[in-house]
Amino acid sequence: MTAGATKSPTQAELKRLVGEAAIAYVEAGSIVGVGTGSTVNCFIDALGGIRERVAAAVSSSEASTARLQALGIRVLAASEVDRLGVYIDGADEIDHAGCMIKGGGGALTREKIVADLADRFVCIADESKLVDRLGRFPLPVEVIPMALAQVSRRFAARGATPRLREGFVSDNGGAIIDVHGLVIDDPAALESEIDQWAGVVCCGIFARHRASVCLLGTPGGVRTLQF
Ligand code: 5RP
């Protein structure tokens, strides 16, 4: 490196940046919806620093629940709340309309359930996640094990390649297929279609539950995208 040159932040540093920035979206005394993943872990750690201002959290995974509880944050079941003001979660890809692919960590079903309770979805992501078109990241789909073969055949018939996530069982006891090479022209239409296939628990397209805001970590700081 030449003298005086500044080092680019790492992806981990960008995740921490947006995880901390998301604290601004947590209203004092509120119950906050919390997603899953390494970016959300940064948010949870920051939430620990203001735990006395947080009434409770609703979590989208056993992993996030354990991390929240270790920091002294009370975790409620989704069935114990009517609405959440905000749900904060990461994404594997996000497009310029706020539609996302999620589920890289396998928590997509509970993520969609908690997102459905929230008035606003705040997506936190490093800039590598922003795409012009969804689909380079393989689409995670949670499937009842009995239906794995027939759901896989449906994807293959579309010219995509479904791969079973070997050795993985979701918090709900489901299997995950990662679908490579899927053409996603209309995220909302494809989400609705796949979610109706027999044996599909949930697909990782979040178009009906798209982000309202995205805090994108860039070397120049946090870029806020409003949708
Ligand atoms: C987990 C998810 C995550 O939000 C997504 O995979 C992004 O993870 P990370 O913040 O670790 O990059 O959908 O199911």
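The structure presented is a predicted model; accordingly, all values stated were derived computationally and were not measured. Indexing begins at 1, ligand by ligand and atom by atom, following the structure's order.
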- Item | SB check Arg67 Asp45 (cutoff 4.0 Å) | yes
- Query: In the protein, what heavy atom is nearest to atom 12 (O) of ligand 1, and what distance, to one decimal place, separates them?
  - Reply: Lys129 NZ, 2.8 Å
- Glu80 side chain to Ala77 main-chain N or O, any donor-acceptor pair under 3.5 Å? yes
- Only one of Glu13, Lys15, Arg16 passes side-chain contact (heavy atoms from CB on, under 4.5 Å) with Asp126, and that residue is Lys15
- Task: Could you tell me whether Gly103 and ligand 1 have an N or O pair separated by under 3.5 Å?
- Result: yes
- Query: Between Glu111, Met100, Lys102, which one has a non-hydrogen atom sitting closest to atom 1 (C) of ligand 1?
  - Reply: Glu111
- For ligand 1, is any non-hydrogen atom under 4.0 Å from Ala91's backbone (N, CA, C, O), its side chain (CB onward), both, or neither? backbone
- Query: Short list, please: which atoms of ligand 1 are under 4.0 Å from a heavy atom of Gly37?
  - Reply: 11 (O)
- Item | Lys/Arg N to Asp/Glu carboxylate O, Glu142 vs Lys112, below 4.0 Å | no
- Mark yes when over 12 heavy atoms from residues, nucleotides or ligands other than Arg136 sit less than 6.0 Å from its CZ; otherwise mark no. no
- How far is atom 5 (C) of ligand 1 from its nearest protein heavy atom, and which residue and atom is that? Asp92 OD1, 3.2 Å
- Query: Does the distance from a Lys or Arg side-chain N to an Asp or Glu carboxylate O, for Arg210 and Asp95, drop under 4.0 Å?
  - Reply: no
- Take every heavy atom of Gly35, measure it against each atom of ligand 1, and state whether any distance is under 4.0 Å. no
- Query: Quick check: does Ala107 get an N/O under 3.5 Å from an N/O on ligand 1?
  - Reply: yes
